[in-house]
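Notes follow the structure.
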Amino acid sequence: MYELCKNLGGWLTSGAQWSGSDGIAHRLAEHLQYSLLATLIAAAIGLPLGLLIGHTGRGAFLAINLASFGRALPTVGLVVLVFLAGGLSMLPVYVALVALAVPSIVTNTHAGMTAVDPDVKDAARGQGMRGHQVLLQVEFPLALPLIMTGLRLALIQVVATATIAAYVSFGGLGRYVFDGLAQRDLVQVLGGAVLVAAVAVALDLGLSGLQRLLFLPHSRLRSSGGTPTRTA
């Protein structure tokens, strides 16, 4: 075990391992590209859907169940299915990653919208706000902490699963896992797994810190029981 950890440390810290098209820096950039693009596409799909069903209260049962179905889909199986239908490209990988990310975004967005106090929405309508104004100026800001949590969970899930790009001969940190398995190189396999875990943990910590920073004034206001004042 000690020898394995020593070899792993040498593999991770070797200068040669970080340079070139097969180096860690290049594979890390590929992995982040796959993950961020898939999460952005999922957000473009899941956020409007979650906001719509949360605002109108219509279609919630269908949307949530479809989201749960998407979460239950076997990711590798979906990659293979789209790969057989569409050929060798990144499309199967993105389809699988987006299908994985959408459920967390939809469910958390819907949960955030439904958690908004109905009295607050009624008060906004009583002040003459139209439906879209209530959505954008009242419901969305109040639901934003849960929406951010959904985006954070989706991104971490995608980062952890983006190794499947190597399954259809593309790059990313999964390249080390699949190549290491093919070559029976345990150090390379562990190195790839450690890098993926480190990226996921780093992004999780960074996003959770950003989320706390963004909503710290609101949490202090709620804990103090105060209300914002308006100055002339």
Side-chain angles (χ1 to χ4, degrees), residues 31-32 34-79 81-82 91-122 124 131-164 196-197 199-216 218-219 222:
H31 202 92
L32 289 174
Y34 303 156
S35 303
L36 293 175
L37 181 56
T39 306
L40 285 174
I41 296 171
I45 297 170
L47 275 177
L49 182 59
L51 290 172
L52 179 64
I53 63 176
H55 178 66
T56 63
R58 299 173 183 173
F61 178 80
L62 178 62
I64 298 303
N65 279 278
L66 285 175
S68 299
F69 174 74
R71 186 183 288 116
L73 282 174
T75 305
V76 175
L78 185 59
V79 169
L81 181 63
V82 181
L91 178 63
V93 176
Y94 283 123
V95 169
L97 294 179
V98 169
L100 177 69
V102 165
S104 295
I105 297 174
V106 171
T107 53
N108 277 68
T109 302
H110 175 255
M113 295 289 287
T114 55
V116 177
D117 191 339
D119 292 338
V120 175
K121 293 185 283 187
D122 289 340
H132 69 279
Q133 292 175 314
V134 175
L135 170 62
L136 296 177
Q137 299 180 28
V138 178
E139 292 177 301
F140 180 72
L142 292 175
L144 198 54
L146 272 178
I147 293 174
M148 287 286 294
T149 299
L151 291 171
R152 172 183 155 203
L153 291 174
L155 178 59
I156 302 310
Q157 288 177 318
V158 167
V159 168
T161 313
T163 52
I164 58 172
V196 172
V199 171
V201 170
L203 285 174
D204 187 35
L205 292 174
L207 289 176
S208 62
L210 176 62
Q211 187 174 346
R212 286 195 299 269
L213 183 64
L214 288 174
F215 300 110
L216 183 59
H218 302 285
S219 62
R222 287 194 298 267

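Atom set for the values below is all heavy atoms of this structure, side chains included, hydrogens, waters and symmetry mates excluded. The residues of the chain are indexed from 1 along the displayed sequence.
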Smallest separation among heavy atoms of [X] and [Y], with atom names:
{"X": "Ala38", "Y": "Leu97", "answer": "CB-CB, 3.6 Å"}
{"X": "Gly46", "Y": "Ile105", "answer": "C-CG2, 3.8 Å"}
{"X": "Gln157", "Y": "Ser104", "answer": "OE1-OG, 3.0 Å"}
{"X": "Ala101", "Y": "Ala154", "answer": "O-CB, 3.7 Å"}
{"X": "Ala160", "Y": "Thr163", "answer": "O-OG1, 3.9 Å"}
{"X": "Ile164", "Y": "Ala96", "answer": "CD1-CB, 4.0 Å"}

side-chain contact (heavy atoms from CB on, under 4.5 Å) partner of Val98, chosen from Val158, Val93, Ile41, Leu37: Ile41
Nearest-0.5 Å distance, [atom1] of residue [X] to [atom2] of residue [Y]:
{"X": "Leu155", "Y": "Leu203", "atom1": "CG", "atom2": "CG", "value": "5.5 Å"}
{"X": "Leu207", "Y": "Leu151", "atom1": "CG", "atom2": "CG", "value": "9.0 Å"}
{"X": "Leu210", "Y": "Arg212", "atom1": "CG", "atom2": "CZ", "value": "10.0 Å"}
{"X": "Thr109", "Y": "Leu144", "atom1": "OG1", "atom2": "CG", "value": "9.5 Å"}
{"X": "Met113", "Y": "Asn108", "atom1": "CE", "atom2": "CG", "value": "13.5 Å"}
{"X": "Thr39", "Y": "Arg152", "atom1": "OG1", "atom2": "CZ", "value": "14.0 Å"}

So, do Ile147 and Leu51 sit near enough that their side-chain heavy atoms are less than 4.5 Å apart? yes
Any donor-acceptor N/O pair, His31 side chain to Val196 backbone, under 3.5 Å: no
Donor-acceptor pair, Ser208 side chain versus Leu205 backbone, under 3.5 Å? yes
